[in-house]
Amino acid sequence: MALAQDTIAQLAEHLENCQLQAKDTPKITDAHPDMDWDDAYAIQDAILARKLARGARVVGLKAGLTSHAKMRQMGVTDPVFGFLVDEYVVPEGATVNTAELIHPKVEPEIAFVLKHALKGPGCHIGAVLAATDFVLPGIEVIDSRYRNFKFDLKSVVADNTSAARFVVGGRALRPEQVDLRTVGIVLEKNGAPVALGAGASVLGHPAAAVAMLANHLGRQGKEIPAGSLILSGGATEAVAVEAGDAVTLRVQGMGSVGLRFA
Ligand code: 0L1
Ligand code: MG
């Protein structure tokens with residue numbers, strides 16, 4: 001690791017304050033160009049520790065930048081991983097207050113809920129499907145704390161991969177009830193389709209993103225616990241939203257889920 005422990009703690013406090021106060025910041029690698037991947041995940045872990053110390057509960061995990069559309073949009077080449085806590089949860093159909101966010105965007109995702117723990121290395125799509133209880137549609141609201149979404153991957157990881165809010169809903173299916181590669185995905189804003197995709201847009205199969213997450217955690221001796229909800233990453237580019245917008249995600253055979261912004 002390149003950063004001292006107190007620098008990691010300061011950066012975690014700074015980024016979390018940006019999130020809680022809806023204030024943007026230049027990317028942290030501007031001031032810390034030597035920051036390495038371990039530092040980036042250590043800052044993310046320190047943000048989680050701050051939230052847990054205040055009574056937050058982990059409700060799941062996320063993979064981000066898992067589709068070529070998203071990678072192209074953000075000019076990056078690799079997926080990233082983050083955590084989901086209860087303060088991010090939005091009930092289906094509820095309204096998100098944009099005053100609590102900086103520059104929100106929405107992403108259409110497939111969510112997995114596990115019945116068994118998953119541990120890498122060597123985790124693959126088959127292991128993910130065998131460990132999955134059900135899958136369902138989900139919308140992630142991302143809100144990078146970096147000014148004008150200008151960042152590099154290490155800064156994004158430290159910022160918990162822009163996680164801000166999410167909603168899941170629609171029709172939960174057992175993994176054998178749906179072909180997650182060919183399933184059609186339509187994201188609507190104010191009644192008009194704004195992004196179209198298929199499950200295969202996410203690394204060829206959304207379960208591949210979950211396997212990557214298990215392998216990533218496995219390298220640190222960790223696992224994805226049974227019961228976890230995992231957002232597998234946006235199947236399309238992210239779509240900017242503002243107060244007054246209503247967003248609906250329709251996934252073929254899996255119904256729809258939506259939220260509003262005020
Ligand atoms: O969920 C995601 O794809 C997070 C991506 C992080 C970068 C961004 O803010 O777009
Ligand atoms: Mg996402």
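Indexing begins at 1, ligand by ligand and atom by atom, following the structure's order.
- Side-chain polar atoms of Y41 and D36 form no donor-acceptor pair below 3.5 angstrom.
- The only option from V247, L259, V90 that meets the side chain to side chain contact (heavy atoms under 4.5 Å, CB included) definition with V141 turns out to be L259.
- For atom 4 (C) of ligand 1, the nearest protein heavy atom (residue, atom name, distance) is T161 O, 3.2 Å.
- For the pair K154 and D152, the salt-bridge criterion is not met [side-chain N within less than 4.0 Å of a carboxylate O].
- Under a 4.0 Å N-O distance rule, the pair K70/E107 qualifies as a salt bridge.
- Contact annotation: for I142 versus ligand 1, heavy atoms closer than 4.0 Å belong to the side chain alone.
- Listed by number with element, the atoms of ligand 1 under 4.0 angstrom from any heavy atom of F149 are 9 (O).
- Atoms CD1 and CD, on I139 and E92 in that order, are 8.5 Å from each other to the nearest 0.5 Å.
- At a heavy-atom cutoff of 4.0 Å, ligand 1 is contacted by no atom of Q73, backbone or side chain.
- Annotation for ligand 1: atoms under 4.0 Å from non-hydrogen atoms of L65 are 2 (C), 3 (O), 5 (C).
- The heavy atom nearest to atom 6 (C) of ligand 1, out of those in S232, G234, S162, G82, is found in S162.
- The shortest contact between atom 7 (C) of ligand 1 and any protein heavy atom is with F151 CZ, 3.4 Å.
- When the Mg ion (ligand 2) is compared with the N/O/S atoms of E140, atom OE1 turns out nearest.
- Within the 3.5 Å criterion, the main-chain N or O of D133 finds a donor-acceptor partner in the side chain of R174.
- Judged by a 6.0 Å distance limit and a 45° cone about the ring axis, K105 is positioned over the six-membered ring of F149.
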(message) Checking R54 against E16 for the salt bridge (Lys or Arg N to Asp or Glu O under 4.0 Å) test, could you report, in this order, the C-alpha distance in whole Å, the side-chain angles of both residues, the deciding distance, and whether it holds?
(response) CA-CA 13 Å; R54 292 199 306 272; E16 203 209 3; 2.6 Å; yes

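- Proximity to G64 (heavy-atom distance under 4.0 Å) selects the following atoms of ligand 1: 1 (O), 2 (C), 3 (O).
- The proximity of K62 to ligand 1, defined as any non-hydrogen pair under 4.0 Å, is limited to the side chain.
- Under the 3.5 Å distance criterion, the side-chain polar atoms of S232 are matched with a main-chain donor or acceptor of I110.
- For the pair OE2 of E109 and OE1 of E107, the angle whose vertex sits at the Mg ion (ligand 2) is 90° to 10 degrees.
- For ligand 1, the atoms sitting less than 4.0 Å from at least one non-hydrogen atom of E107 are 1 (O), 2 (C), 3 (O), numbered in the order shown with element in parentheses.
- Ligand-side atoms of ligand 1 in range of K70: 3 (O), 5 (C), 8 (C), 10 (O), range being under 4.0 angstrom from any heavy atom.
- Distances from ligand 1 to the non-hydrogen atoms of Y146 include no value under 4.0 Å.
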